[in-house]
Amino acid sequence: MEIRFLGGTGEVGRSAILVNDSLLLDYGMLTGNPPQFPVDSVNPDAVVVSHGHLDHVGAVPSLLSGDARPPIHWTPPTEELTRTLARDTLKLHGGTYDCPFTEAELERVAQVSNRHGYREPFEAAGHEVTFYNAGHIPGSAHVLVDDGETRLLYTADFHTGDQRLVAGTTARPDADIVICESTYSDVEHEDRTTVEERFVESVETTLWEGGSVVVPAFAIGRTQELLLVCEAHDIPCYVDGMGKRVTRMLRQYPGFVRDPDALRRATSHARFVTGRDGQRKRIVDQKAVVVTTSGMLSGGPAMTYIPAIRGHPTNKITMTGYQVEGTPGRDLLETGRAEIDGRIMPVSAQVEQYDFSAHADDDGLRSFLESYADASVLVNHGDDCAGFADDLRADGIDAAAPELGERLEV
């Protein structure tokens with residue numbers, strides 16, 4: 001089997017892996033200014049998408065330019081999420097270099113889409129492919145690829161621990177080669193219950209003191225997780241941005257969430273912001289909790305809420321996700337100021353970070369890889385892939401960290 005890494009090596013973003021020059025696994029983008037895309041254009045015979053996050057699907061419609069019409073395989077939520085993200089990219093950046101596809105290419109996605117459930121083998125570009133629940137977000141999948149000689153497991157993003165929205169992965173299919181993510185390979189996550197308790201206490205304290213809480217959150221997965229937390233602890237909250245649309249959509253796929261009834265209750269508990277008639281200003285004046293995009297402060301309604309609350313130390317901004325280097329969210333955490341809507345703004349409001357990660361930490365990664373002691377492990381999707389590969393080799397695991405553009409025969 002030949003594997004070529006077109007992105008996602010030594011970085012968290014633009015995941016793209018070409019197998020046997022015919023089967024493409026993911027085709028994402030790296031958030032930044034400007035965004036970055038996989039290093040080479042490709043013309044695969046088929047595409048398999050692991051899950052609906054921008055760093056894995058952000059450039060997928062561009063594969064349908066010209067006469068190219070490769071079939072695209074994914075779970076039902078992943079298709080819906082990909083189309084949602086693509087429409088947002090077109091809205092924000094259509095017609096510029098920051099958007100690698102056109103409206104026409106996005107429309108072609110429906111023509112080539114093939115939906116699959118978990119543990120239902122299918123054929124793609126001459127390979128047998130099977131999805132397994134990865135426990136990351138609804139519809140996320142480990143991808144097992146069998147070319148008749150070698151079995152490759154692409155973990156994509158995964159979590160071994162339970163979240164309120166999805167249960168942790170328990171799948172361990174047999175494989176000869178494992179391409180393993182390493183986003184949090186140098187981190188030990190705090191106990192999830194403890195994180196939730198600290199978050200709830202902080203939010204309730206701020207509201208009691210008369211402050212407002214802005215909770216920047218990724219629209220896909222994190223927003224719904226936080227709505228579930230707020231409902232479980234009876235914290236009144238608003239939800240704004242793309243997360244509104246994603247929340248409604250995910251309710252259509254109850255088989256891909258841990259507790260459909262809990263998600264229904266959380267959706268009813270939250271108040272969905274329309275943005276009409278100065279609603280956002282009134283919300284800030286109410287002293288409320290607002291869960292809103294973007295999770296890294298790079299756009300969305302957060303651009304309205306942050307400037308409105310930043311000047312008073314009673315208010316609070318609670319970051320809940322990974323902040324890519326160079327994003328305003330990362331700058332805010334490190335310097336207390338950030339570029340918000342084109343201006344560098346100092347922030348007097350309290351800034352906190354909570355580890356609601358949907359990725360396995362070092363212990364989770366290692367416990368997963370215990371099932372693959374006899375396999376070769378290729379580390380990707382992390383800031384220090386080489387370091388994690390070194391650690392694995394020290395523990396007797398055959399591990400390596402491919403470089404960007406590298407082609408391997410395995």
Side-chain angles (χ1 to χ4, degrees), residues 190 194-219 222-244 247 266 269-324 326-357:
E190 188 177 2
T194 302
V195 173
E196 187 172 308
E197 288 173 350
R198 288 197 302 105
F199 172 81
V200 169
E201 181 181 4
S202 176
V203 168
E204 290 179 337
T205 298
T206 300
L207 293 178
W208 182 81
E209 292 175 346
S212 295
V213 184
V214 176
V215 187
F218 305 136
R222 193 60 43 79
T223 289
Q224 296 74 41
E225 182 77 6
L226 291 165
L227 295 187
L228 286 161
V229 169
C230 287
E231 192 279 330
H233 295 274
D234 198 26
I235 296 174
C237 67
Y238 291 87
V239 59
D240 204 350
M242 188 193 298
K244 297 180 296 181
T247 301
H269 176 78
R271 298 182 64 179
F272 283 52
V273 178
T274 65
R276 294 192 295 266
D277 302 323
Q279 184 187 19
R280 292 187 175 103
K281 184 180 185 304
R282 293 198 303 275
I283 289 171
V284 171
D285 292 341
Q286 287 176 17
K287 309 306 179 185
V289 176
V290 186
V291 181
T292 183
T293 49
S294 87
M296 298 184 193
L297 303 184
S298 54
M303 299 300 97
T304 298
Y305 294 111
I306 299 297
I309 73 154
R310 69 182 176 90
H312 201 292
T314 304
N315 297 327
K316 191 168 289 179
I317 303 167
T318 58
M319 311 300 290
T320 60
Y322 182 85
Q323 304 298 310
V324 172
T327 60
R330 182 75 163 261
D331 292 342
L332 179 60
L333 287 171
E334 293 181 346
T335 69
R337 60 180 60 226
E339 182 177 339
I340 304 295
D341 216 14
R343 293 180 294 155
I344 301 294
M345 294 184 178
V347 175
S348 298
Q350 302 170 65
V351 180
E352 299 177 344
Q353 185 172 33
Y354 294 89
D355 185 5
F356 282 99
S357 177

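The basis for the numbers below is simple: all heavy atoms, side chains too, and nothing from hydrogens, waters or symmetry mates.
Between the side chain of S294 and the backbone N or O of G300, no donor-acceptor pair lies under 3.5 Å. A donor-acceptor pair is defined here as one N or O able to donate and one able to accept, closer than 3.5 Å; such a pair exists between the side chain of D355 and the backbone of S357. Checking side-chain atoms of R310 against main-chain N and O of P346 turns up a donor-acceptor pair under 3.5 Å. Using modelled atom types, no side-chain atom of E204 and backbone atom of S202 make a donor-acceptor pair closer than 3.5 Å. Judged by distance alone, with hydrogens and angles left aside, the side-chain atoms of Q224 form a donor-acceptor pair with the main-chain N or O of A219 at under 3.5 Å. Side chain of T293 to main chain of G295: no donor-acceptor pair is present (N/O by atom type, distance under 3.5 Å, no hydrogens or angles). At distances below 3.5 Å, not a single donor-acceptor pair connects side-chain atoms of S212 with backbone N or O atoms of D285.
Between E209 and T205 there is a side-chain heavy-atom pair separated by less than 4.5 Å. Taking 4.5 Å as the limit, every side-chain heavy atom of V215 sits out of range of all side-chain heavy atoms of Y305. Side-chain atoms of V214 and I306, non-hydrogen and from C-beta on, do get closer than 4.5 Å to each other. The shortest distance between side-chain heavy atoms of V273 and V239 does not fall below 4.5 Å. Two residues are said to be in side-chain contact when any heavy atoms from C-beta on lie closer than 4.5 Å; T320 and F218 fail this criterion.
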Next on the checklist: Walk me through whether M319 and L333 qualify under side-chain contact (heavy atoms from CB on, under 4.5 Å).
Outcome noted: CA-CA 9 Å; M319 311 300 290; L333 287 171; 3.9 Å; yes

Checklist entry - E197 and E201: side-chain contact (heavy atoms from CB on, under 4.5 Å), yes or no, with the steps? => result CA-CA 6 Å; E197 288 173 350; E201 181 181 4; over 6 Å; no

Item to check | Working for ring pair (Phe, Tyr, Trp, His ring centres under 6.0 Å), residues Y238 and F272 | outcome: CA-CA 6 Å; Y238 291 87; F272 283 52; over 10 Å; no

Next on the checklist: side-chain contact (heavy atoms from CB on, under 4.5 Å), that's the test. Do S298 and T327 meet it? Break it down for me.
Outcome noted: CA-CA 7 Å; S298 54; T327 60; 5.5 Å; no

Checklist entry - Given I340 and M303, is the side-chain contact (heavy atoms from CB on, under 4.5 Å) satisfied, shown in steps? => result CA-CA 6 Å; I340 304 295; M303 299 300 97; 3.7 Å; yes

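Nearest heavy-atom pair across P216 and L297 is CG-CD2, 3.6 Å. The two residues S348 and G311 come nearest to each other via the heavy atoms CB-O, 3.7 Å. Taking each heavy atom of H269 and I235 in turn, the nearest pair found is NE2-O, 2.7 Å.
Looking at residues two or more places apart in sequence or on another chain, you find a side chain to side chain donor-acceptor pair (under 3.5 Å) between T194 and D191.
The local environment of CZ in R282 is crowded, with over 12 non-hydrogen atoms from other residues, nucleotides or ligands closer than 6.0 Å. Within 6.0 Å of atom NE2 in H312, 12 or fewer heavy atoms from other residues, nucleotides or ligands are found, so the atom counts as exposed in its surroundings.
Checked for salt-bridge contact, R330 and E334 meet the test: a charged N lies under 4.0 Å from a carboxylate O. Using a 4.0 Å cut-off between charged side-chain N and carboxylate O, E190 and R198 make a salt bridge. One finds a salt bridge joining D240 and R280 here, because a Lys/Arg side-chain nitrogen approaches an Asp/Glu carboxylate oxygen to under 4.0 Å.
For the residue pair Q279 and T274, a side-chain donor N or O sits within less than 3.5 Å of a side-chain acceptor on the partner. A donor-acceptor contact under 3.5 angstrom links the side chains of K316 and T206, judged on distance only.
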